[in-house]
Q: 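Please read through the structure below; I'll follow up with questions.
Note that ligands are numbered from 1 as they come in the structure, with each ligand's atoms numbered from 1 the same way.
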Amino acid sequence: MKLPKVVTIAGSDPSGGAGIQADLKVLTQFGVYGGAAVTALTRQTSAGVLGLFPLPAEWVLEQVRDVLWDLRPPVVKTGMLQQPGVIGGLGRLWGEYVREYGKTGAHVPYISPSAEPVPSAPVLVVDPVLSSGTGVSLLAGGGLEAFREDLLPVTTVLTPNVPEAEALTGIAIRDSDDMVGAAERLLQFGVQWVLLKGGHLPEWEGVRIADLLISREERRWLWGQRVPGADLHGTGCSLASALAACLALGLPVPEAAARAVEWLRQRIGSPLFVGQGRGVVCQKLERQRE
Ligand code: PLP
């Protein structure tokens, strides 16, 4: 059986536009099986986050260990981790998982549609969630240090937006040169690839926006047109999940990133307005017209 798999480690958004709910919907659309370990519950509507209820860190980590050792996913994606204890603990657990995976490989071997081999080492996609788009903090004190010390050194692909990259590096980002500087600093923390999303920057070169994909060897700009007036929810979660899905399907990081960014840009052009607040991008309904 061909069974690409991703496990997401993230928070719950009951309005269904972000968090694990979004992640699982995106993975399904890409034809990838999704598991989900929950880090925290939120009270949340399409208009914003109303409350946060973190689960005990030890319990979160036990959940993660149970599901990783069972499913043996080749790709794991993290969203809102919220507590430094979860971030640090996951960094340490990841080292153990890499060794375990090396002994036995993926639990259910599969041949991906692109005929790429299953990754010989598992891949960790980290979306370093700091706050919601409406400004509610989703990361407790000490979280940035835990990211820098424990999780970034084992991260395969990091997907920060501009405020997240600024917070992690201390570098103010005003233009594309600053984006390169901050992304290179993130590589110095041990991250293998950085996909730095430029959407928060004021426009440059007319209406174009750009995301930057960078590793120690490569640098690529993913240019696109800005969609005017988009006020959306869950774009970061959806992009990181699309990227994780493409990696689980066997695409190398540059191709997976380009495909995920292209997918998100199309979705931003046709969001669903599901409630009283912002639109969502994680799901396309059969009846929806592009
Ligand atoms: N809720 C959860 C559980 C999340 O993980 C996130 C972002 O990662 C959000 C809410 C915020 O989403 P947005 O900033 O798109 O509103």
Q: In this structure, which one of Arg220, Lys197, Arg265 forms a side chain to side chain donor-acceptor pair (under 3.5 Å) with Asp211?
A: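 Answer to the side chain to side chain donor-acceptor pair (under 3.5 Å) test with Asp211 among Arg220, Lys197, Arg265: Arg265.
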Q: So does Ile173 get a backbone contact from the side chain of Asp178, meaning a donor-acceptor N/O pair under 3.5 Å?
A: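 No.
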Q: Is Gly234 in contact with ligand 1, taking contact as a heavy-atom separation below 4.0 Å?
A: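 Right, Gly234 reaches ligand 1.
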Q: Which residue holds the protein heavy atom closest to atom 14 (O) of ligand 1, what is that atom called, and what is the gap in Å?
A: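 Heavy-atom neighbour on the protein nearest atom 14 (O) of ligand 1: Gly133 N, 2.5 Å.
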Q: Using a 4.0 Å cutoff against the non-hydrogen atoms of Arg278, which atoms of ligand 1 qualify?
A: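 By the 4.0 Å cutoff, the relevant atoms are 16 (O).
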Q: Please write down residue, atom name and distance for the protein heavy atom closest to atom 5 (O) of ligand 1.
A: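 For atom 5 (O) of ligand 1, the nearest protein heavy atom is Met80 CB, 3.6 Å.
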Q: Give me the residue, atom name and distance of the protein heavy atom closest to atom 7 (C) of ligand 1.
A: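 Residue, atom and distance for the closest contact: Cys237 SG, 3.5 Å.
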Q: In ligand 1, which numbered atoms sit nearer than 4.0 Å to a non-hydrogen atom of Gly11?
A: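 Those of ligand 1 that fall under 4.0 Å from Gly11 are 3 (C).
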Q: Can you tell me if Glu166 uses its side chain to pair, donor with acceptor, with the backbone of Ala172 under 3.5 Å?
A: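 Side chain of Glu166 to backbone of Ala172: no pair is present.
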Q: Are any of the N/O atoms in Gln44 less than 3.5 Å from those in ligand 1?
A: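 Between Gln44 and ligand 1, an N or O pair is found under 3.5 Å apart.
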Q: Spell out, yes or no, whether Leu196 and Val126 are grouped together once hydrophobic residues are joined by side-chain heavy atoms under 4.5 Å, including indirect joins.
A: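 Leu196 clusters together with Val126.
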Q: For the 3.5 Å polar cut-off, considering only N or O atoms, please tell me whether His233 and ligand 1 meet it.
A: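 Among all N and O atoms of His233, at least one is under 3.5 Å from an N or O of ligand 1.
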Q: Using atom types as modelled and distance alone, determine if a side-chain donor or acceptor of Glu164 lies under 3.5 Å from a backbone N or O of Asn161.
A: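 Yes, the answer is positive, given that a donor and an acceptor are paired below the 3.5 Å cut-off.
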Q: Classify the contact between Ser132 and ligand 1 as side chain, backbone, both or neither, using a heavy-atom distance cut-off of under 4.0 Å.
A: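 Answer for Ser132: both.
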Q: Of the options Ser15, Ser131, Ser132, which is the one that meets Val49 in a side-chain contact (heavy atoms from CB on, under 4.5 Å)?
A: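 When Ser15, Ser131, Ser132 are each tested with Val49, the side-chain contact (heavy atoms from CB on, under 4.5 Å) holds only for Ser132.
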Q: How does Leu138 reach ligand 1, if at all, at less than 4.0 Å between non-hydrogen atoms: by side chain, backbone, both, or neither?
A: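 It is the side chain that touches ligand 1; the backbone stays farther off.
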Q: Under 4.0 Å between a Lys/Arg side-chain N and an Asp/Glu carboxylate O for Lys77 and Asp23?
A: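 A salt bridge is present here (some side-chain N lies under 4.0 Å from a carboxylate O).
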